[in-house]
Amino acid sequence: MQAEIIVGRGNDTDRFIGWVPTPAKVRLVDAGGADEAVAVVLRNHNDRGGQVIFFSAIPGDAQEELTATLPLNGTPAELHISGRFKFPSTADGDAGIDVVNVATGQVIGTTPLMVRVRKDATKLTPAERNRFLFALAKFNDGGRGRFSDFRNVHTSAGDPEAHSRAGFLPWHRSFLLDLERELQNIDPTVALPYWKFDQPARKLFNRDFIGTSSSTGTVQFSPTNPLQNWATDGTVPGIDRTPFFNTSTQSAFVSSELTTLGLGGPGKEFVRFRAMEGDPHGDAHTSFSGSISDIPTACKDPLFFLLHANVDRLWAKWQWLNAKFDLSDVKTYTFLGAAGDPGSTRIGHNLKDTMWPWNQEDVPPRPPTAPGGTMALSPQVAGPGLTPTVGSMIDYQGVLQSASKLGFDYDDVPFEFVEQR
Amino acid sequence: VKETTMDISQYRRQCQDDVRKAPKPVDQDLDAAMRVLRNPKATDKQRDTARRSIAKNIEQDPNTIDELLELLRDTDMPADQRTEILYLLRQLSFRFALFPAKRPAYLSALRDIVDDPDPTLRRRAVGTLAREKDEYIQRRLIAGLEGNEKALVPTAKAIQLLGYDVHAEYLPLLRRFVEDPPNQSARKEAIRLLAADADSADLLLEILRDREEKPDVRRISAIALQAIAPEVELNESRRIAADDSEPPELRAMALTSLTQSDTEPGSRAYTEQIQQLADQSSSRQVKRAANAFMAKHG
């Protein structure tokens, strides 16, 4: 007797799941001589590593195990699965589902999975860290790779598209997502780690990970670190970065996570929360000298992406805590219309505006070039499409609109059905 | 069955409670905060509150930037307070929509303070201008390196900052610093910048092969060589990785370079040799790098 589990559309990459429920099917492919429908239990393959939970209906309660009855003719039973919050994977296939025949106790089907979420950089296993570093170094290819497009976007020319206005958070969410998808094209097990800048981070600021500074500020790497030949803007390798704080014992000069999450005030308003662009975001950048401390050069330093993943995580956490996913609510996002509408702000910062450079617009007031092309597509989710809008970045888990999900999660920001809050 | 859902509700309530109890950000009227910044007797805590408040409320009066630029230039003010103002201006560059319009004035103020007697202030101003590829500061850095005027920053730092925008006319000077450096730090920075000079491939290869050189200097040469002659660097990496007489640091680097490369790893005998390193090397770095190599090419 044999059962088959199909996650998502059954593509190879559909084995990567996060906290957001994903459709799945289980069916008999070999009835093994049974003469009536077979009762099965779906449960975790391992009790360590990534863990999975099951949903018989959406929205509905998560279950540790799920029972189903599989018809002999192969008609599938439909369900949803997700990673169990706080139990992410550390390696591909360390999570999985077993289909167990209730009558015999035999495992009649297994599928390996990975609960892949963005994690605190200091909590990565050495193998997770190395996979991320190899993918990033490969994408950069010593300054000759596609990373240069990302570098060329975050410059003085792109500054007004990305900073100092409401679109700061959505624009950078899109920027991170684009990079993460490129890295996943190299190694699908990789998710962007984040630098929790309000905590000391000895396990990040060392020669095996993001490097330590020499007396000149040139970052030093161990000989096994693939970032050692990191180069941008042509061919000169090296990163210039000196922290003003002790990275092992102190945080950057930023407000705490809890203070940041309170920035929306009692009304939980985005217009107030977005003050986090200054503190902690800007103050995390200026806690260093070197390229990361100036907007036009910040992206030369790979630390940029870990810093911004934390900025994005804080927004995601604020959204979850305060249920800010509704695109018609001005408390979710400040400017609901499009550029040119009454009360709108600069183009690129209104909810319905497309974002540069993914929209490939290069006539004023947009910058004169749009490096890098459109948004990298995901093999698993449709969102946000080739030309993301500001609004397409808001409901990133598909809390209100399932089609909106973008395919990433953070280790400490769960998914919750609105109906269950 | 409901346990998982309950866990998350409980987690949310706990987070919401923690956020409610968290300290609120400091806030002070913009004028009052500026008075504190100008007051030489203000305590560190008062100054920190003032700085955070100005950063937060700058949009109430954008001309405050001009005032800050004046204070930055004010040599009667203690250097540590002016350094703090420079720090505040940097913070504003990350949050203030009108900052790009003020950027020329900001850069002009930085040029005015690059000769300041305070080394910290000077170094930070020079660093920002170098990152902006500012021609004035590039000329000043070169003049300092050539000994035509007093150096603004230490030699190694000056060379490193020129790396933000290497021009062909710097190259003879860089080669000179490689041959006859004032210190090892300056030499290492000069070697690194030769990655911008295709004509330096032979020099870099010579340094990489020279066993009299320290391993970290040879490593920098390898990295620079990879930028201009990747095939040459790969061939050398193949040799170093398999050579038991080479230092472990260099062998680990060579193996990492080979792992990153898309080229063929070499003969079967070669990969067997690397497998032996993965199994038996007494160096943890070599072992780790050999394992990574075998994971990809084995």
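In what follows, chains carry the letters A, B, and so on, assigned in the order in which the sequence lines appear, proteins first and then strands, with residues in each chain numbered from 1.
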>> Could you check whether any side-chain N or O of B:Gln16 sits under 3.5 Å from a backbone N or O of A:Leu321, counting only pairs where one atom can act as donor and the other as acceptor?
In response: yes
> Which heavy-atom pair separates B:Arg131 from A:Ser293 by the least distance, and what is that distance?
Replying inline: NH2-OG, 3.5 Å
>> Within the structure provided, determine whether B:Met253 and A:Asn229 are in side-chain contact (heavy-atom separation under 4.5 Å).
In response: no
> Relative to chain A, which segment of B:Ser185 carries a heavy atom at a distance below 4.5 Å: side chain, backbone, both, or neither?
Replying inline: side chain
>> What verdict does the side chain to side chain contact (heavy atoms under 4.5 Å, CB included) test give for B:Asp7 and A:Arg84, after you've listed the backbone C-alpha separation in whole Å, the side-chain angles of each residue and the deciding distance to 0.1 Å?
In response: CA-CA 11 Å; B:Asp7 283 348; A:Arg84 180 175 179 179; 3.8 Å; yes
> Could you state the interatomic distance from CG (B:Asp48) to CZ (A:Phe253), rounded to the nearest 0.5 Å?
Replying inline: 10.0 Å
> Of all heavy-atom pairs between B:Tyr11 and A:Pro414, which one has the smallest distance, and what is that distance?
Replying inline: CE2-CD, 3.8 Å
>> Within 45 degrees of the ring normal and closer than 6.0 Å to the centroid, is that where the cationic atom of B:Lys296 sits relative to A:Phe134?
In response: no
>> Between B:Gln285 and chain A, with a heavy-atom cut-off of 4.5 Å, which part of the residue counts as in contact: side chain, backbone, both or neither?
In response: both
>> Looking at every non-hydrogen atom in both residues, tell me the closest pair between A:Phe221 and B:Arg219 and how far apart they are.
In response: O-NH2, 2.9 Å
> Pick one: which of B:Glu189, B:Lys188, B:Arg192 meets side-chain hydrogen bond (donor to acceptor under 3.5 Å, both in side chains) with A:Thr216?
Replying inline: B:Glu189
>> Here's one to test your reading of the geometry: is the NZ or CZ of B:Arg12 within 45 degrees of the ring axis of A:Phe85 and under 6.0 Å from its centre?
In response: no
> What part of A:Arg144 is in contact with chain B, defined as an atom under 4.5 angstrom from a non-hydrogen atom: side chain, backbone, both or neither?
Replying inline: side chain
> Pick from B:Lys157, B:Gln226, B:Gln160: which one has the most heavy-atom pairs with chain A under 4.5 Å?
Replying inline: B:Gln160
> Given a strict heavy-atom distance threshold of 4.5 Å, which part of B:Phe99 is in contact with chain A: side chain, backbone, both, or neither?
Replying inline: neither
>> Below 4.5 Å, heavy-atom pairs only: which of A:Thr297, A:Thr218, A:Asp233 has the largest tally toward chain B?
In response: A:Thr218
>> Please classify the contact between B:Leu161 and chain A as side chain, backbone, both or neither, with a heavy-atom cut-off of under 4.5 Å.
In response: side chain
> What part of B:Val166 gets closer than 4.5 Å to chain A, counting heavy atoms only: side chain, backbone, both or neither?
Replying inline: side chain
>> For A:Asp159 and B:Arg103: C-alpha separation, side-chain torsions, deciding distance, then whether salt bridge (charged side-chain N to carboxylate O under 4.0 Å, His left out) applies.
In response: CA-CA 12 Å; A:Asp159 182 0; B:Arg103 203 163 191 93; 5.3 Å; no
> Most heavy-atom pairs under 4.5 angstrom with chain B, which of A:Lys86, A:His281, A:Glu277, A:His285?
Replying inline: A:His285
> Which heavy atom of A:Ala137 sits nearest a heavy atom of B:Gln260, and at what distance?
Replying inline: CB-NE2, 3.3 Å
> Would you say the side chain of A:Pro223 lies within less than 4.5 Å of the side chain of B:Arg251, judging by non-hydrogen atoms?
Replying inline: no
> Is B:Asp44 atom CG crowded by more than 12 heavy atoms from other residues, nucleotides or ligands, each under 6.0 Å away?
Replying inline: no
>> Using a 4.5 angstrom heavy-atom cutoff, name the option from A:Arg165, A:Gln228, A:Lys138 with the most pairs to chain B.
In response: A:Gln228
>> Quick check on B:Arg124 against chain A: is it the side chain, the backbone, both or neither that has a heavy atom closer than 4.5 Å?
In response: side chain
> If you count heavy-atom pairs under 4.5 Å with chain B, which of A:Asn322, A:Thr286, A:Asn130 comes out on top?
Replying inline: A:Thr286
> Under a 4.5 Å cut-off applied to non-hydrogen side-chain atoms, are B:Arg90 and A:Ser289 in contact?
Replying inline: yes
> Among A:Asp208, A:Asp279, A:Asp294, A:Val236, which has the most heavy-atom pairs under 4.5 Å with chain B?
Replying inline: A:Asp294
>> Which atoms of A:Thr232 are under 4.5 Å from chain B, going by heavy atoms: the side chain, the backbone, both sets, or neither?
In response: neither
> Heavy-atom distance under 4.5 Å to chain A: side chain of B:Arg52, backbone, both or neither?
Replying inline: side chain
>> Only pairs of heavy atoms separated by less than 4.5 Å count here; which of A:Asn225, A:Leu263, A:Asp412, A:Asp141 has the most with chain B?
In response: A:Asp412
>> What part of B:Ala55 gets within 4.5 angstrom of chain A, counting heavy atoms only: side chain, backbone, both, or neither?
In response: neither
> With a 4.5 angstrom heavy-atom cut-off, which part of A:Asp240 approaches chain B: side chain, backbone, both or neither?
Replying inline: both
> B:Pro23 versus chain A, heavy atoms under 4.5 Å apart: side chain, backbone, both or neither?
Replying inline: both
>> For B:Lys24, I'd like to know if atom NZ has over 12 heavy atoms of other residues, nucleotides or ligands within 6.0 Å.
In response: yes
>> Only pairs of heavy atoms separated by less than 4.5 Å count here; which of B:Ser257, B:Pro215, B:Pro25 has the most with chain A?
In response: B:Pro25
> How close do B:Arg123 and A:Ser215 get, heavy atom to heavy atom, and via which atoms?
Replying inline: NH2-O, 3.4 Å
> In terms of heavy-atom proximity below 4.5 Å to chain B, should A:Phe168 be classed as side chain, backbone, both, or neither?
Replying inline: neither
>> Just by distance, no angles: are the side chains of B:Arg288 and A:Thr224 close enough, under 3.5 Å, to form a donor-acceptor pair?
In response: yes
>> So which atom in B:Ala22 and which in A:Thr259 form the shortest heavy-atom distance, rounded to 0.1 Å?
In response: CB-N, 3.8 Å
